[in-house]
Amino acid sequence: MADEALFQFLHNELIQYVYKSSEHGEMENGRCITKLENMGFRVGQGLIERFTRDTARFKDELDVMKFVCKDFWTCVFKKQIDNLRTNHQGIYVLQDNKFRLLTQLSAGKQYLEHAPKYLAFTCGLVRGGLANLGVKSIVTAEVSVMPACKFQVMIQKM
């Protein structure tokens, strides 16, 4: 419980630091999101390296995605992804119906515009973890109803 609160506090402070250290125009908003995603990418690389140290190699990208949804997500957010879907052509949708980093925000529609800055770090986290497992990807997130969100992972063939 305490480590969860610390992670949420650190995440919120990270967002505040990135946004306060820049001028706040529309162009700067994109740079801040990119900076948060890059931070998440590096953290994801390190975490996945530590978590997979004693696991067997994965046979395909579906196994990698299952590992991310079950083990990796559980280690970071203390719960599994609620739903994993794929079209079997390199696109995966990970759905979290109660995403921990959005539960602190009100469920009102007026806060939807702030959701991207709370999801950027996690997009980078997933992308970094996948990259360290040899899966190059593009990860995007969308929120239609708070605090549920969907992460879309598009696998890029090398």
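No experiment lies behind these values; they were computed from the predicted model shown. Numbering of residues begins at 1 and proceeds along the displayed sequence.
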Phe41 reachable from Phe77 in the ILVMFWY side-chain graph, under 4.5 Å edges: no
Tyr118 side chain near Ile15 side chain, heavy-atom distance below 4.5 Å: yes
From CD1 (Ile138) to CD1 (Ile155), nearest 0.5 Å: 10.0 Å
Side-chain (Asp96) to main-chain (Cys149) donor-acceptor, under 3.5 angstrom: no
Distance, nearest 0.5 Å, that separates CG of Asn87 from CE of Met154: 10.5 Å
From Val126, Val93, Val68, Thr122, residue fulfilling side chain to side chain contact (heavy atoms under 4.5 Å, CB included) relative to Phe151: Thr122
Validation row: Arg127, Glu37 side chains within 4.5 angstrom (heavy atoms): yes
ring-ring contact (aromatic ring centres under 6.0 Å, His included), paired with Phe67, selected from Phe72, Trp73, Phe58: Phe58
Reported CG-to-CE distance for the pair Leu102 and Met146, which is rounded to 0.5 angstrom: 5.0 Å
Spacing of CD1 belonging to Ile91 relative to OG1 belonging to Thr86, to within rounding of 0.5 Å: 8.0 Å
Side-chain H-bond candidate by donor/acceptor type, Asn97 with Gln95, under 3.5 Å: yes
Point-to-point distance, once rounded to the nearest 0.5 Å, from CG of Leu125 to CG of Leu36: 12.0 Å
Residues Glu61 and Lys66 bridged, charged N to O under 4.0 Å: no
From Leu119 atom CG to Glu142 atom CD, the distance as rounded to the nearest 0.5 Å: 10.5 Å
Leu130 and Met65, any side-chain heavy atoms less than 4.5 Å apart: yes
Lys79 atom NZ: more than 12 heavy-atom contacts under 6.0 Å: yes
Considering all heavy atoms, the nearest Asn83-Arg85 contact: ND2-NE, 3.1 Å
Test item: Val18 and Met39 side chains (from C-beta on) under 4.5 Å apart, heavy atoms: yes
